[in-house]
Amino acid sequence: MSQEVRVRFAPSPTGALHIGGVRTALYNYLFAKKQGGKFLLRIEDTDQARFVPGAEDYIKEALDWMGISPDESPWHGGPHGPYRQSERKSIYKEYAMDLLEKGHAYYAFDTAEELDAMRQRLTAARVVSPQYNSITRTQMKNSLTLPADEVKARLEAGEPYVIRVKIPRKEEVRLQDKVRGWVMVHSNTLDDKVLMKSDGMPTYHLANIVDDHLMKITHVIRGEEWLPSAPLHVLLYRFLGWEESMPTFAHLPLLLKPDGNGKLSKRDAEKHGFPLFPMSWTDPDSGQVADGFRDQGYLPEALVNFLAFLGWNPGDHRELFTLEELVEAFTLERIGKSGTKFDINKAKWYNEQYLRKKSDHELAAYLTADLKKEGIQIPQDNAEKIVSVMKERATFPADLWKEGRFMIFAPETFDTQVAEKKWNADAAKVLTAYSEKLEALQEPLDAATAKELLAVSAEECGVKLGKVMQAVRLAITGVGAGPDLMQVFEILGKEELIKRIGFSLKTLGIAG
RNA sequence: GGUCCGUUCGUCUAGGGGUUAGGACGCAUCCCUUUCACGGAUGAAACACGGGUUCGAUUCCCGUACGGACUACCA
């Protein structure tokens, strides 16, 4: 019998979700759905000092926007709640006591200063890595060194203490990681990590093991930064008697900065002008606003596709995947091992691809929304026509309006470079003739007619159409590049064209 | 420093003991075209290095170099 696959994404609410965290969430989601299992979200808020208001709402909104909402979470609830660690405080204590009783953990009363002094002493003695371990714990104030009655007295007196794990002196700890294979470390390189803090909260190490077990998590998919502490986690499963049901681990390669090396940071994002967060985030302390992918015009389906390919690939040559297709194709086995540099160009390319897949109807909504901000209203069918000719050249929805301004506003100035090179008396002659033909036209202008009339006008003036085409474009749009001119003409309509021709003839002159 | 992890075009990557080392982004050129863009075609561009193992290694093993993560009463 195969048990239900259950995975979790476990962010701590310390601010906006980092894009790397979003990818971790996505991989968890993809794996869960592929396996027909559950994707849960657990808030790891055991560090009260780092709690940031609004962060949890942000996480929820970001995942919803990406289309990867969890099945169980603080806000959806579920059979294994609560899903906020701060609300599970009493649970952890119970397991810490269990560890204490079994001799796998002990009380420690050392103050921060004493800890510091120990590290300094060790550093001075040229100990390579000063840590609280099987050697040093014999010289510290803990329930291993202090007489039992003193420990009891200190506890009863309410003296602050932590509970530390007692790492065995000599043991090989192995774990099989789904992406790295076998990883082996010696327990003597591990230190006696704090399990329960003096404020009564568990540390990540205890909390994540207890919760994963209680929440019946089958696979732990998380960032590579957790790999060094994974052996400790294996040990904890063993000490708690849960080794049989220990989840499978998969440590994801890190997201690296685009140039040079190192973990992707906010600094890099700013330097290269791309966001680091899925959505904009306002720091509640400084009030500083950091831009997000959503705000810069990235489509969620593009971001999902892009992120999925940062460290994973389907093994064939397909590049474009919907969320559903990703679910279908996803396997842990195809996750790469090495760190991945963040290339925003590729993200833009994905955005273009998905933008072009959208219907004119959907795209028109972006345009009308932008226009509304400027107090402009245009008919829906007009908006749809505009986006249909503009979408091939847009990366972001906002480009529809930015690049297509001339579709609504007549040019007030003309690109001087193009004017110098292309504007001449021939162009003025042709346009004058063209304007007259448009005046005489009874029915509404369509692209084919627009072209025919223009061709006739050129012929009458004894000018080759190709020679003046750029000048015509300049006269109507003000610039030298843009979508198919005749389509533009059709959208503009003859009255608007006549007006624009009149203005450009006046402004650019008829002699050239 | 220590522990762990990694290394195929500039980037994301496929591949795997014998291949013209494949694709995508970006770049260049050409075609399409009234321009730009789209699209199409073509091109430049990679197995970090040194030892093994082997008839043969980019692929397997070991080193070296380089890079990264971790090294908190943070997660």
Side-chain angles (χ1 to χ4, degrees), chain A residues 10-14 44-47 49-50 85 108 110-112 115 119 123 126-132 160-164 177 179-181 183-186 188-191 193-205 207-208 222-231 251 253-254 256 258-263 306 309-320 334 336-350 352 356 389-394 403 418 422 451 454 464-474 477 479-486:
Chain A
S12 59
T14 54
E44 309 233 323
D45 55 350
T46 54
D47 187 355
R50 293 211 306 160
Q85 291 186 326
D110 317 277
T111 63
L115 254 16
R119 288 192 193 104
T123 309
R126 280 191 237 262
V127 172
V128 282
S129 53
Q131 49 181 19
Y132 209 116
Y161 66 89
V162 300
I163 297 174
R164 286 181 181 271
D177 186 277
V179 346
R180 325 247 150 212
V183 177
M184 201 265 288
V185 297
H186 288 98
N188 60 26
T189 66
L190 267 26
D191 62 346
K193 281 268 182 296
V194 170
L195 263 19
M196 293 292 286
K197 300 184 269 188
S198 55
D199 65 358
M201 278 293 198
T203 58
Y204 171 84
H205 302 296
N208 104 86
R222 75 225 302 189
E224 194 191 328
E225 67 268 29
W226 292 110
L227 195 53
S229 56
H251 288 94
L254 259 16
L256 271 21
D259 55 353
N261 293 297
K263 214 169 158 181
F306 169 65
F309 273 68
L310 250 31
W312 173 87
N313 76 84
D316 55 35
H317 284 163
R318 290 176 298 161
E319 300 278 339
L320 263 17
R334 296 208 64 87
K337 290 176 171 50
S338 44
T340 301
K341 287 184 185 165
F342 198 84
D343 179 14
I344 197 64
N345 257 333
K346 195 96 176 216
K348 285 182 181 163
W349 178 78
Y350 274 114
E352 287 163 0
R356 279 167 209 149
V389 300
M390 291 308 300
K391 68 176 166 190
E392 294 302 310
R393 52 220 316 119
E403 307 292 323
V418 182
K422 302 286 183 182
K451 183 159 193 176
L454 187 60
K464 275 210 157 156
L465 186 54
K467 287 275 183 200
V468 293
M469 219 42 206
Q470 279 294 83
V472 173
R473 175 181 292 282
L474 178 77
T477 68
V479 291
D484 182 90
L485 239 202
M486 296 310 128

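Residue numbers begin at 1 in each chain, while the letters A, B, ... track the order of the sequences. Computed over heavy atoms, backbone and side chain alike; hydrogens, waters and symmetry mates excluded. All figures in this text were calculated on a predicted structure; none of them were measured in a lab.
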[atom1] of [X] versus [atom2] of [N]: gap in Å, rounded?
| X | N | atom1 | atom2 | value |
| --- | --- | --- | --- | --- |
| A:Met469 | B:U34 | CE | C1' | 4 Å |
| A:Asp484 | B:U34 | CG | P | 9 Å |
| A:Asn345 | B:C9 | CG | P | 18 Å |
| A:Leu465 | B:U34 | CG | P | 9 Å |
| A:Lys391 | B:C38 | NZ | C1' | 11 Å |
| A:Trp349 | B:G39 | CH2 | C1' | 13 Å |
| A:Asp191 | B:G1 | CG | P | 20 Å |
| A:His317 | B:G15 | NE2 | C1' | 9 Å |

Once you apply a heavy-atom cut-off of 4.0 Å, does [X] come out as touching a base, just sugar-phosphate, or nothing?
| X | value |
| --- | --- |
| A:Gly336 | nothing |
| A:Phe309 | sugar-phosphate |
| A:Arg164 | sugar-phosphate |
| A:Ser338 | sugar-phosphate |
| A:Lys346 | base |
| A:Ser229 | nothing |
| A:Val162 | base |
| A:Lys348 | nothing |
| A:Pro160 | nothing |
| A:Met184 | sugar-phosphate |

**Asked** Say you draw a straight line from CG of A:Asp47 to NZ of A:Lys197; how long is it, rounded to the nearest 0.5 Å?
**Response** 4.5 Å
**Message:** Return the OG1 to NE2 distance between A:Thr46 and A:His205, rounded to the nearest 0.5 Å.
**Reply:** 10.0 Å
Per [X] side chain, nearest of listed nucleotides [options]:
| X | options | answer |
| --- | --- | --- |
| A:Arg356 | B:C12, B:G39, B:U34 | B:G39 |
| A:Glu392 | B:C70, B:A37, B:U34 | B:A37 |
| A:Leu115 | B:U35, B:C4, B:C73 | B:C73 |

Give me the distance, rounded to whole Å, that separates [N] from [M] when you measure between the [atom1] atoms they each carry.
| N | M | atom1 | answer |
| --- | --- | --- | --- |
| B:U64 | B:G6 | C1' | 15 Å |
| B:A46 | B:C55 | P | 31 Å |
| B:G39 | B:C47 | C1' | 33 Å |
| B:U53 | B:G15 | P | 29 Å |
| B:G22 | B:U59 | C1' | 15 Å |
| B:G23 | B:C5 | P | 34 Å |
| B:A21 | B:A57 | C1' | 13 Å |
| B:C74 | B:A65 | C1' | 33 Å |

OP1 or OP2 of [N] versus the side-chain N and O atoms of [X]: is any pair under 4.0 Å?
| X | N | value |
| --- | --- | --- |
| A:Thr203 | B:A75 | no |
| A:Thr46 | B:A75 | yes |
| A:Asn313 | B:U13 | no |
| A:Arg50 | B:A72 | no |
| A:Lys422 | B:U35 | no |
| A:Arg180 | B:C4 | no |
| A:Lys193 | B:U71 | no |
| A:Lys341 | B:U11 | yes |

Could you identify the nucleotide paired to [N], looking across every strand shown and requiring Watson-Crick or G-U wobble geometry with both distances under 3.5 Å?
| N | result |
| --- | --- |
| B:G6 | B:C66 |
| B:U29 | B:A41 |
| B:U59 | none |
| B:U71 | B:G1 |

Check whether [X] reaches the backbone of [Y] with its side chain - one donor and one acceptor, N or O, closer than 3.5 Å.
| X | Y | answer |
| --- | --- | --- |
| A:Arg356 | A:Glu392 | yes |
| A:Thr477 | A:Val479 | yes |
| A:Lys193 | A:Ser229 | no |

Provide the closest heavy-atom pair for [X] versus [Y] in the form atom of the first, atom of the second, distance.
| X | Y | result |
| --- | --- | --- |
| A:Pro202 | A:Ala207 | CG-CB, 3.8 Å |
| A:Arg180 | A:Leu227 | CD-CD2, 3.7 Å |
| A:Tyr204 | A:Arg222 | OH-NH2, 3.0 Å |

